[in-house]
Amino acid sequence: DISPVASLICANLNSPISQSDVFERIENIINDVELKYGWLYKTKDSSGFSHDINYVVWSDVFVCPSCSNKVVFYDAAVDHSSGKVSDEFSCPHCGTILTKRNAKKSFSTLYDAILDSSISVQEKKPVFINYQSGKKSYNKPLNEEDIALIQKADELSKNFSITKDRMIDGAEGRRNDRQGLTHVHHFYFSRSLIIFEEILSRCNDKEIRFLINSQLINVSKLN
């Protein structure tokens with residue numbers, strides 16, 4: 001297969017280097033990056049204690065066709081007690097019954113520092129954080145500190161441009177253009193971009209890049 005990623009996979013599956021050696025090297029890299037940027041993944045509980053963030057859930061934002069107000073999908077369509085998502089949901093402003101099909105997607109215009117131009121992207125809002133406390137994990141809404149941390153990551157990511165390539169031509173490569181996902185870095189939130197660039201800058205062999213490549217989709221907006 002002449003595909004670059006297929007060549008990378010084949011080369012590593014046939015690599016004579018031991019798995020334990022590769023894992024030790026990647027763990028050392030991750031530990032170094034965590035010492036530098038671990039603060040990006042911290043949140044405080046209601047008592048003020050700091051914890052590690054496992055993940056942040058973001059919600060699509062729609063526009064009600066009846067009243068033109070914005071509707072956060074997570075707030076309107078998710079039953080928070082059961083976690084189930086309804087196919088139909090009410091606009092919290094006018095009561096109109098909506099679906100993802102008849103509601104309009106909300107778009108916002110942002111300045112993309114990596115491209116040095118303004119872009120129009122489908123609006124998403126962070127709705128809750130899952131964090132680790134001991135052996136248990138908990139959900140919490142974002143507070144002002146959490147929002148400020150995301151904004152700080154946005155500012156910091158302006159200096160990280162390793163993934164600014166335009167998506168390739170073709171039906172698959174360009175099918176997300178209409179959502180404003182036109183370049184590789186648009187598929188990731190700022191924190192992920194920062195961590196990826198930092199890790200990749202320390203990867204000097206194909207085995208480490210192989211492991212990093214296997215996780216690209218897991219931390220993307222597609223997931």
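Not measured: the values here are computed from a predicted model.
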Self-check item: Check: Asn12 side chain, Ser15 main-chain N or O, donor-acceptor pair, under 3.5 Å
Solution: no

Exercise. Check the hydrophobic clustering (I, L, V, M, F, W, Y; side-chain heavy atoms under 4.5 Å; chains of links allowed) and say if Val78 and Val127 are grouped together.
Key: yes

Practice problem: Can you sort out the partners of Asn31 under side chain to side chain donor-acceptor pair (under 3.5 Å), two or more places apart, ordered by chain and number? | Solution: none

Exercise. Rounded to the nearest 0.5 Å, what's the gap from CD on Gln215 to CD1 on Ile217? Could you check?
Key: 10.5 Å

Quiz item: Ser157 and Ile114: which non-hydrogen atoms are nearest, and at how many Å?
Solution: O-CD1, 4.0 Å

Quiz prompt | Stepwise side chain to side chain contact (heavy atoms under 4.5 Å, CB included) test for Met167 and Phe187 | solution = CA-CA 10 Å; Met167 294 300 294; Phe187 285 82; 3.7 Å; yes

Practice problem: Check the surroundings of atom CG in Asp87: do more than 12 heavy atoms from other residues, nucleotides or ligands lie under 6.0 Å from it? | Solution: no

Quiz item: Between the side chains of Asp112 and His185, does any donor sit under 3.5 Å from an acceptor?
Solution: yes

Practice problem: Kindly work out whether a path of hydrophobic side-chain contacts (I/L/V/M/F/W/Y, heavy atoms less than 4.5 Å apart) joins Val184 to Ile195. | Solution: yes

Exercise. Measure across Ala76 and Phe89 and return the closest heavy-atom pair with its distance rounded to 0.1 Å.
Key: O-CB, 3.4 Å

Self-check item: Nearest atoms (heavy-atom pairs only) where Ser59 meets Val72
Solution: OG-CG1, 3.7 Å

Quiz item: How many angstroms lie between atom CG of Leu149 and atom CG of Asn143, to the nearest 0.5 angstrom?
Solution: 10.0 Å

Quiz item: Is the CD1 atom of Ile147 crowded by more than 12 outside heavy atoms at less than 6.0 Å?
Solution: yes

Quiz item: Quick one: does Asn213's side chain have a donor or acceptor within less than 3.5 Å of a partner on Arg209's backbone?
Solution: no

Exercise. Among Lys44, Lys136, His51, find the residue that satisfies the side chain to side chain contact (heavy atoms under 4.5 Å, CB included) test when tested with Tyr131.
Key: His51

Quiz item: Would you say Tyr111 has more than 12 foreign heavy atoms packed within less than 6.0 Å of its OH?
Solution: yes

Practice problem: Rounded to the nearest 0.5 Å, what's the gap from CG on Asp32 to CD1 on Ile29? Could you check? | Solution: 8.0 Å

Practice problem: May I ask you to test the Arg191-Ile53 pair for a side-chain heavy-atom distance under 4.5 Å? | Solution: yes

Quiz item: With sequence neighbours excluded, what pairs up with Asp75 under the side chain to side chain donor-acceptor pair (under 3.5 Å) test?
Solution: none

Practice problem: May I ask you to say whether Lys152 pairs ionically with Glu155, meaning some side-chain N is under 4.0 Å from a carboxylate O? | Solution: no

Quiz item: Can you list the residues that meet the side chain to side chain donor-acceptor pair (under 3.5 Å) rule with Thr182, with sequence neighbours excluded?
Solution: His186

Exercise. Verify the neighbour count for atom NZ of Lys124: are there more than 12 heavy atoms of other residues, nucleotides or ligands below 6.0 Å?
Key: yes

Can you give me every donor-acceptor pair (side chain of residues 34-42, partner residue at least two apart or in another chain, under 3.5 Å) with its distance?
residue: Lys36; atom: NZ; partner: Glu198; partner atom: OE2; Å: 3.4
residue: Trp39; atom: NE1; partner: Lys36; partner atom: O; Å: 3.0
residue: Lys42; atom: NZ; partner: Asp52; partner atom: OD1; Å: 2.4

Quiz prompt | side chain to side chain donor-acceptor pair (under 3.5 Å) partners for Ser106, two or more places apart | solution = Glu123

Quiz item: Can you find a pair of side-chain heavy atoms, one from Phe128 and one from Tyr55, that are under 4.5 Å apart?
Solution: yes

Practice problem: Grab the two heavy atoms, one from Leu115 and one from Lys164, that are nearest each other, plus how far apart they are. | Solution: CD2-O, 4.3 Å

Exercise. Supply the atom-to-atom distance Ser7 OG to Lys206 NZ, rounded to the nearest 0.5 angstrom.
Key: 12.0 Å

Practice problem: Anything under 30° is parallel, anything over 60° is perpendicular, the rest tilted; go ahead and classify Phe189 against Trp58. | Solution: parallel

Exercise. Verify the cluster assignment for Ile9 and Val22: are they in a single hydrophobic cluster under the rule of side-chain heavy atoms below 4.5 Å apart?
Key: no

Self-check item: Residue Gln132 excluded, over 12 heavy atoms near CD under 6.0 Å
Solution: yes

Pair up each side-chain donor or acceptor in residues 91-100 with any protein partner under 3.5 Å, not counting sequence neighbours, and list the distances.
residue: His93; atom: NE2; partner: Lys70; partner atom: O; Å: 2.9
residue: Thr96; atom: OG1; partner: Ser66; partner atom: OG; Å: 3.1
residue: Thr99; atom: OG1; partner: Arg101; partner atom: N; Å: 3.3
residue: Thr99; atom: OG1; partner: Asn102; partner atom: N; Å: 3.1

Practice problem: Give, for atom CG of Leu142 and atom CD of Glu144, the distance between the pair rounded to the nearest 0.5 Å. | Solution: 11.5 Å

Quiz item: Is there side-chain contact between Arg202 and Ile208, with heavy atoms separated by less than 4.5 Å?
Solution: no

